[in-house]
Amino acid sequence: MNPADPTIAPSLRSWVESANAADSHFPIQNLPYGVFKPSASADARVGVAIGDQILDLARLEQTGLLRTPRPLFATGSLNAFMAAGRETWRSVRGQLGTLLAADTATLRDDAAARAQALVPQAGATLLLPVEIPGYTDFYSSKEHATNVGALFRDPKNALLPNWLEIPIGYNGRASSVVVSGTPVRRPNGQIKLPNQERPVFSPCLKLDFELETGFFVGVPNGMAEPVSSDEAESHIFGMVLLNDWSARDIQAWEYVPLGPFNSKGFATTISPWVVTMDALAPFRTRQPRQEPEPLPYLRHDGQHAFDIQLEVSLRPQGRDQASSIARTNFKHMYWTMAQQLAHHTVSGCNTRVGDLMGSGTISGPDAGSYGSLLELTGNGKHPVDIGGATRAFIEDGDEVILTGWCQGDGYRVGFGSCAGTILPALPQP
């Protein structure tokens with residue numbers, strides 16, 4: 001990425017005091033982008049999270065405090081900014097880092113300009129940050145794939161032969177990707193009960209979360225123009241947290257022979273702030289050893305994993321506090337984002353600005369680091385404790401909350417939260 005970027009220096013501080021707290025997800029080293037409304041009647045525009053505030057980039061652009069090649073931020077999505085390319089991304093990041101630095105007086109000492117440019121996050125409405133033309137979900141955690149294979153197939157042969165050769169994925173539904181905080185309706189569908197010959201139509205009985213991250217394509221490729229693994233990260237704008245809600249009982253009946261359909265298409269939740277690859281650069285680490293060695297088009301040199309700590313919490317309806325039920329780390333992922341994008345395009349498939357790619361469920365090496373209830377409970381056989389109650393799968397009224405952050409020297413680069421509450425299924429037709 002850009003290790004010379006001055007905005008990632010650990011010693012850098014902002015005049016926005018809340019950004020300097022050691023546990024803030026949004027210090028000056030982060031500067032993630034999102035789309036928001038400062039009030040219910042206002043137009044949507046692009047902003048950057050800084051501490052507990054949002055810096056209104058549309059306002060800065062209008063007043064000339066932020067220089068861009070053309071108006072990019074008075075809009076309801078990040079797509080125009082992403083389409084402007086990497087030079088513009090880095091120019092804007094550099095300008096914002098300077099404006100927000102503790103020793104820059106431009107906004108710090110101008111109360112009127114500051115009042116117009118800063119919006120408290122608590123009073124704003126956060127929107128889906130990107131217009132998403134396509135969504136692909138991968139299956140790239142070796143631990144997760146092994147756990148699922150052991151549950152549903154022979155534990156001695158949990159991984160299918162192709163899993164260690166290619167990043168497995170499927171095309172999902174971009175139309176049902178929603179922003180954190182959007183309620184999710186329990187799906188109805190066909191379920192095959194073990195004691196019945198034919199399926200029944202029923203609300204999902206085994207509703208689950210999937211702890212994932214996602215990345216957005218910022219630089220597209222054309223048809224028949226594959227992206228190499230070495231070049232892939234230069235096409236990625238940034239990352240979000242992602243919960244690919246899963247109806248396990250609907251999935252078990254439908255997924256053979258063609259894969260998930262109604263069990264996945266009803267909702268996918270993402271966090272509202274897109275953390276850029278430049279902000280994540282200090283947290284690179286080496287990916288797990290891949291054996292056998294991948295085919296040449298999937299090989300890349302250097303460090304392509306990222307040290308992102310992840311946590312899942314569940315809050316039952318009526319409770320004030322959520323209970324942590326899993327902790328893991330993105331660095332455990334077997335297949336990297338670069339390899340996922342390279343494999344996605346190797347056949348000649350084109351991508352578009354705003355395409356979303358999900359990592360697949362992220363599970364670690366021990367039971368407390370599994371990224372789904374399917375794994376945590378052994379397909380419902382061993383319910384997890386949530387502070388005096390238990391859950392085999394998600395119940396109506398439950399809120400599931402994903403959080404994630406990279407730990408720096410005295411600061412964090414965080415993603416905020418990715419949350420959704422389950423509503424009861426609609427009446428059956």
Side-chain angles (χ1 to χ4, degrees), residues 1-16 19-22 24-34 46-51 53-55 57 60-61 65-69 72-73 78 81-104 106-108 129 213 215-219 230-240 273-287 300-309 330-331 336-338 341 404-416:
M1 292 291 97
N2 187 19
D5 180 359
T7 61
I8 63 176
S11 60
L12 195 62
R13 292 294 180 266
S14 175
W15 48 262
V16 179
N20 301 325
S24 172
H25 276 216
F26 307 122
I28 194 170
Q29 291 87 354
N30 192 349
L31 305 180
Y33 296 95
V46 175
V48 155
I50 181 73
Q53 304 289 307
I54 301 172
L55 188 65
L57 301 193
L60 295 184
E61 200 173 47
L65 290 176
L66 184 60
R67 299 180 302 278
T68 53
L72 298 173
F73 299 123
L78 290 171
F81 177 48
M82 291 194 292
R86 294 186 62 78
E87 288 188 12
T88 298
W89 305 347
R90 287 186 170 165
S91 170
V92 169
R93 180 175 170 84
Q95 292 178 66
L96 295 176
T98 298
L99 276 172
L100 290 167
D103 58 359
T104 301
T106 307
L107 281 174
R108 184 195 68 193
T213 62
F215 69 82
F216 284 110
V217 173
V219 178
D230 284 327
E231 297 172 344
E233 284 178 12
S234 67
H235 289 253
I236 298 174
F237 177 74
M239 294 179 66
V240 291
W273 298 109
V274 184
V275 179
T276 66
M277 300 304 289
D278 282 332
L280 293 168
F283 307 101
R284 285 184 175 276
T285 188
R286 182 158 293 281
Q287 56 272 18
H300 48 20
D301 296 324
Q303 297 180 325
H304 296 277
F306 294 85
D307 186 359
I308 305 172
Q309 299 182 47
F330 181 71
K331 68 183 179 182
T336 68
M337 294 185 291
L341 186 56
W405 67 91
C406 305
Q407 186 61 54
D409 183 10
Y411 71 97
R412 288 180 173 180
V413 168
F415 291 79

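Along the sequence shown, residues are numbered consecutively beginning with 1.
- Side-chain contact between T276 and Y33: present, with at least one pair of heavy atoms (C-beta onward) separated by less than 4.5 Å.
- When all heavy atoms of L31 and R93 are compared, the pair lying nearest together is CB-NH1, 3.8 Å.
- Shown here are the side chain to side chain donor-acceptor pair (under 3.5 Å) partners of R412, two or more places apart in sequence or in another chain: Q407.
- With a 4.5 Å cut-off on side-chain heavy atoms, N30 and W273 do not count as touching.
- Residues K331 and R286 form no side-chain contact, since every pair of their non-hydrogen atoms from C-beta on lies 4.5 Å or further apart.
- Between the side chain of H25 and the backbone N or O of G416, at least one donor-acceptor pair lies under 3.5 Å.
- Shown here are the side chain to side chain donor-acceptor pair (under 3.5 Å) partners of D230, two or more places apart in sequence or in another chain: there are none.
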Worksheet item: Under the side-chain contact (heavy atoms from CB on, under 4.5 Å) criterion, do M337 and F330 qualify, and how do the steps go?
Response: CA-CA 11 Å; M337 294 185 291; F330 181 71; 4.1 Å; yes
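- Residue A19 comes nearest to I50 through the heavy atom pair CB-CD1, 3.6 Å, listed as atom of the first residue, atom of the second, then distance.
- Shown here for G97 and T7, the closest heavy-atom pair between the two residues is CA-CG2, 3.7 Å.
- Checked by atom type, the side-chain pair E61/T68 shows a donor-acceptor distance below 3.5 Å.
- Proximity of V92 to L72: side-chain heavy atoms (C-beta onward) are nowhere separated by under 4.5 Å.
- Residues satisfying the side-chain contact (heavy atoms from CB on, under 4.5 Å) test with A83, not counting sequence neighbours, are V353.
- Here the closest non-hydrogen pair linking G47 and I54 is CA-CG2, 3.9 Å.
- Side-chain contact between T213 and F306 is absent, with no heavy atoms from C-beta onward closer than 4.5 Å.
- Contact of the V275 side chain with the L280 side chain is registered, since non-hydrogen atoms from C-beta on lie closer than 4.5 Å.
- Applying the side chain to side chain donor-acceptor pair (under 3.5 Å) criterion to T106, with sequence neighbours excluded, gives no partner residue.
- When side chains are defined from C-beta on, L55 does not count as touching V16, because their heavy atoms never get closer than 4.5 Å.
- Take A232 and apply the side-chain contact (heavy atoms from CB on, under 4.5 Å) test, not counting sequence neighbours, and it matches V227, A338, L341.
- Taking 4.0 Å as the cut-off between side-chain N and carboxylate O, R90 and D278 count as a salt-bridged pair.
- Distance alone, capped at 3.5 Å, is enough to place a donor-acceptor pair between the S234 side chain and the E231 backbone.
- Of all non-hydrogen atoms in T285 and D307, the two that sit nearest each other are CG2-N, 4.1 Å.
- Taking the side chain to side chain donor-acceptor pair (under 3.5 Å) definition, one finds that Q95 meets it with S91, sequence neighbours left out.
- Looking at W89, its side chain does come within 3.5 Å of a backbone N or O of M82 through a donor-acceptor pair.
- Between H304 and R284, the shortest heavy-atom distance links the atoms CA-NH1, 4.0 Å.
- Put simply, the side chain of I28 does not reach to within 4.5 Å of the side chain of Y411, judged on heavy atoms.
- In this pair, F237 and F81 present their aromatic rings perpendicular. The plane angle is above 60°, beyond the 30 to 60° band.
- Remark: the backbone N or O of L99 is paired with a side-chain donor or acceptor of W15 at under 3.5 angstrom.
- Between the side chain of Q29 and the main chain of V413, no donor-acceptor pair closer than 3.5 Å is present.
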